[in-house]
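Before any comments, here is the structure.
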Protein chains: 2
Amino acid sequence: MPARDAPRGRSASIWDVARAAGVSQQTVSRVINGKTRVSEETRAKVQQVIAELGYRPNRLAQALAGGPVRSVTVLTSDTALYGAAATLRGMEEAARTAGFSVGISVLDRDSPQSDIALRLSRPGEPVMVIAFDDAGRRALHALPPDVPVAAAVERRADDDSNNADDIDDAGGPWQVWLDDRAAAAHATRYLLGLGHRCVHYVAIPSSTSPLPQRTRGWQDALRGAGRPLPEPLQGGWTPRSGFLAVRSLLTDRSVTAILCGNDDLALGVMRAAREAGRDIPGDLSVVGFDDSPPSAYLNPSLTTVRLDFEALGRACFALLHHRLAPRTALAVPAWSEPELIVRESSGPAPA
Amino acid sequence: MPARDAPRGRSASIWDVARAAGVSQQTVSRVINGKTRVSEETRAKVQQVIAELGYRPNRLAQALAGGPVRSVTVLTSDTALYGAAATLRGMEEAARTAGFSVGISVLDRDSPQSDIALRLSRPGEPVMVIAFDDAGRRALHALPPDVPVAAAVERRADDDSNNADDIDDAGGPWQVWLDDRAAAAHATRYLLGLGHRCVHYVAIPSSTSPLPQRTRGWQDALRGAGRPLPEPLQGGWTPRSGFLAVRSLLTDRSVTAILCGNDDLALGVMRAAREAGRDIPGDLSVVGFDDSPPSAYLNPSLTTVRLDFEALGRACFALLHHRLAPRTALAVPAWSEPELIVRESSGPAPA
DNA sequence: TTGAAAGCGCTAACAT
DNA sequence: ATGTTAGCGCTTTCAA
């Protein structure tokens, strides 16, 4: 066994452990990795030395030497948004539980796509993309082909659209999504069921063109009920954008129900309603999307669609994990279907 | 120059570039790192080949070979909380801008401290800790001594406490914090100035013992005004905990002003007030802490203390960066002082 | 200005 | 069951 110096300033390496334990460096490696080909006696001795020296394996070196992949980078575009933040939490938790270290890289609105590869710690580094919006989606497409990737996306893969522009399986089957479309339709039907003649919609910016899933679901329900389709109002991600989007609309008293692309928009809409002298839910019903944490405590509390972002994030990791190390069966944990949570902000249409 | 095979499946390495460019591997390294000792001609040639081959340096190998440190791991305990999430955003942005890759590891409520070192990708990996709460603080203490660390913490280093238990400079000077104490005092004085006899306080869980900064600031102001000090009410992090904490208190009509440890608590408090038939701000003033995004749009909109978490995160990285590579001067970007944002939820004491 | 050699800490393949 | 060897892709010496 080649002699190595004792640690001098630098922290203990696998060689230091090997020398102190009187075994080869390779045996230490076997112990670290839980391989079976080590006698109980030797294993115990090595682990004792590891504890004594405070040895911690260098994951960089492990990865470089071709060890199993134990790291993943998450690309996401705005962690200030509840959906992205919750999805990230789910991904991080699942990855950490599986022994992966998690890198995160936030996409600027206008970060050049050529940068994407440089955010990875090495060629071939596995990646998860939170691609609910356009920045995420562009990043997903800009990823080099040799990168193993799984993504949480907006649209469903089995979309029934005829629009060729909308067909896009660049991510292959390695995608997970929530059924926004059905959820939006369900929420809209709920409002129609309350007697509202029409339901207006304030849209979030979307990654899909021409029509995002939530917008489609809303249209599905209106069409199904034989109602006219008003133009969707274009909002952003913030309460302010919701506020601005509906301000003029609210002067029209025939508008009695508004579905919002997320809870923040709904917050702005409710504010605008208050300033317009509208009563919620007396003469205006407002429904949000996401069930972000404050929603249950707003005044009035917000009727909204609960989406299981955390479980979606966990499932996305499970998908990636399976892609990296296919085991017997692909076991992706299930996530809950979107669920309408009825609270105070919605009620029967005014007489 | 030793011959190497062309890339076969694996992506291009520095050797592939060297061979294709007809230079040594070392010269390619110089070009990558922007060293000056390369002729213009050679540099151009190498860069052209790099582009042709789609070569991307392997950051793992760079780090392993003793290159400059270009990665950092953030330890944080609950990214669902606005303060932690905003601080993380600031850290990530600053780090990415400086060319660092960012790892993130979320601390469980009861993750064993022995785990901490294993979350790092290598011994000596630099770390930032978001230590606003107890989990973060314990992680900060559990970090091995050879780890370069900077932390965003709750308490100020120059605390005037006499309690030895409270003195703790384990993190050394590599800490940044917001002046919670002064801010809480300011908010409390603001309420007293509106004519309120007393101000009650609903506390967030805290990393410092026995008394967290916000609680102290609140007490400072009450003492300064010669008012009695009610027991602080213990809340958690959620609206629900705020709701539960004050429910019984609100039956007492002499309670006219409540300061909350964060905006989520305030949300729950306002809900409880509504259910108790109290009018805000007519007969009850509520003030929050953090200025989280929804606050401006709540009903009523929330008077709160704005804290510049993102800038704090950026400053924390600047500190760490300087620690890793001391340059001429330590230039830590300034962050804003806490600022009271007066909105609709606070007003004069009832007659 | 450029090249060659050594080695970062580890794992895999092949010994024994 | 354990040891030896050869890299992983790069940066640092040191030489030319």
Side-chain angles (χ1 to χ4, degrees), chain A residues 1-19 21-46 50 53 55-71 120-125, chain B residues 1-19 21-46 50 53 55-71 120-125:
Chain A
M1 183 178 52
R4 295 280 284 227
D5 286 328
R8 217 200 307 276
R10 38 173 270 280
S11 52
S13 84
I14 199 170
W15 285 101
D16 302 318
V17 176
R19 202 160 43 79
V23 298
S24 82
Q25 172 263 90
Q26 177 54 231
T27 298
V28 178
S29 171
R30 289 183 179 111
V31 171
I32 292 170
N33 296 295
K35 306 274 188 182
T36 51
R37 306 302 190 97
V38 181
S39 76
E40 250 336 301
E41 193 179 4
T42 307
R43 177 187 307 281
K45 173 62 179 167
V46 169
I50 286 178
L53 265 48
Y55 166 73
R56 295 163 272 153
N58 182 325
R59 307 182 68 140
L60 264 48
Q62 289 180 315
L64 185 60
V69 175
R70 292 218 176 292
S71 70
L120 277 34
S121 46
R122 63 191 167 82
E125 158 98 339
Chain B
M1 183 177 50
R4 297 280 281 228
D5 286 327
R8 218 200 306 276
R10 35 173 274 281
S11 52
S13 83
I14 198 172
W15 286 101
D16 302 318
V17 175
R19 200 161 45 78
V23 299
S24 81
Q25 174 264 106
Q26 175 52 231
T27 298
V28 177
S29 171
R30 288 185 179 110
V31 171
I32 292 169
N33 296 295
K35 306 273 187 180
T36 51
R37 307 302 190 98
V38 182
S39 74
E40 247 341 296
E41 193 180 2
T42 308
R43 177 187 308 280
K45 174 62 179 164
V46 168
I50 285 178
L53 264 48
Y55 165 75
R56 295 162 274 153
N58 183 324
R59 307 182 67 140
L60 265 49
Q62 290 180 315
L64 186 60
V69 176
R70 291 221 176 290
S71 70
L120 276 34
S121 45
R122 60 189 169 83
E125 158 99 339

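Throughout, protein chains are lettered first and strands after them, A, B, ... in sequence-line order, and every chain is numbered starting at 1.
Ranking dT11(D), dT2(D), dC10(D) by closeness to the Thr27(A) side chain, first place goes to dT2(D). With dG3(C), dC10(C), dC10(D) as the choices, the nucleotide that has an atom nearest any side-chain atom of Tyr55(A) turns out to be dC10(C).
Distance, Trp15(A) CH2 to dT11(C) C1': 12 Å, rounded to whole Å. With rounding to whole Å, Asp16(A) atom CG is found 13 Å from dC10(C) atom C1'. Rounding to whole angstrom units, CG of residue Asn58(B) and P of dG9(C) are separated by 16 Å. Spacing between atom CZ of Arg59(B) and atom P of dG9(C) amounts to 20 Å, rounded to whole angstrom units. Note: CG (Leu60(B)) to P (dG9(C)) measures 14 Å, nearest angstrom. Look at CZ on Arg19(B): it is 20 Å from P on dT2(C), rounded to the nearest Å. Arg56(B) has its CZ atom 16 Å from the C1' atom of dC8(D), to the nearest Å. Remark: P of dA16(D) and CD of Gln26(B) are 16 Å apart, rounded to the nearest angstrom.
Residue Ser29(B) places none of its side-chain N or O atoms closer than 4.0 Å to OP1 or OP2 of dC10(D). Side-chain nitrogen and oxygen atoms of Asn33(A) include at least one within less than 4.0 Å of the OP1 or OP2 phosphate oxygen of dT11(C). Dashed line: the shortest gap from a side-chain N or O of Ser13(A) to OP1 or OP2 of dG9(C) is not under 4.0 Å.
Remark: Arg19(A) CZ to Gln25(A) CD distance equals 13.0 Å, nearest 0.5 Å.
Scanning residues 39-46 of chain A for heavy-atom distances under 4.0 Å to DNA chain C yields an empty list. Within residues 62-70 of chain B, the residues approached by DNA chain C to less than 4.0 Å at the level of any non-hydrogen atom are Leu64(B), Ala65(B), in residue-number order.
The base of dT4(D) does not come close enough to the side chain of Gln25(A) for any donor and acceptor atom to sit less than 3.5 Å apart.
Residues Asn58(B) and Leu64(A) are in side-chain contact: their nearest non-hydrogen atoms beyond the backbone lie under 4.5 Å apart. Under the 4.5 Å side-chain criterion, counting only non-hydrogen atoms from C-beta, Ile32(B) is in contact with Ile14(B). Between Gln62(A) and Arg70(A), every side-chain heavy-atom pair lies at or beyond the 4.5 Å cut-off. No side-chain heavy atom of Lys45(B) sits under 4.5 Å from any side-chain heavy atom of Thr42(B).
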Restricting to nitrogen or oxygen on both sides, can you table the protein-nucleotides 14-16 of chain C pairs closer than 3.5 Å?
none

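Closest heavy-atom contact between Val69(A) and Arg122(A): CG1-NH2, 3.6 Å. The heavy-atom pair separating Asp16(A) from Ser11(A) by the smallest distance is OD2-O, 4.2 Å.
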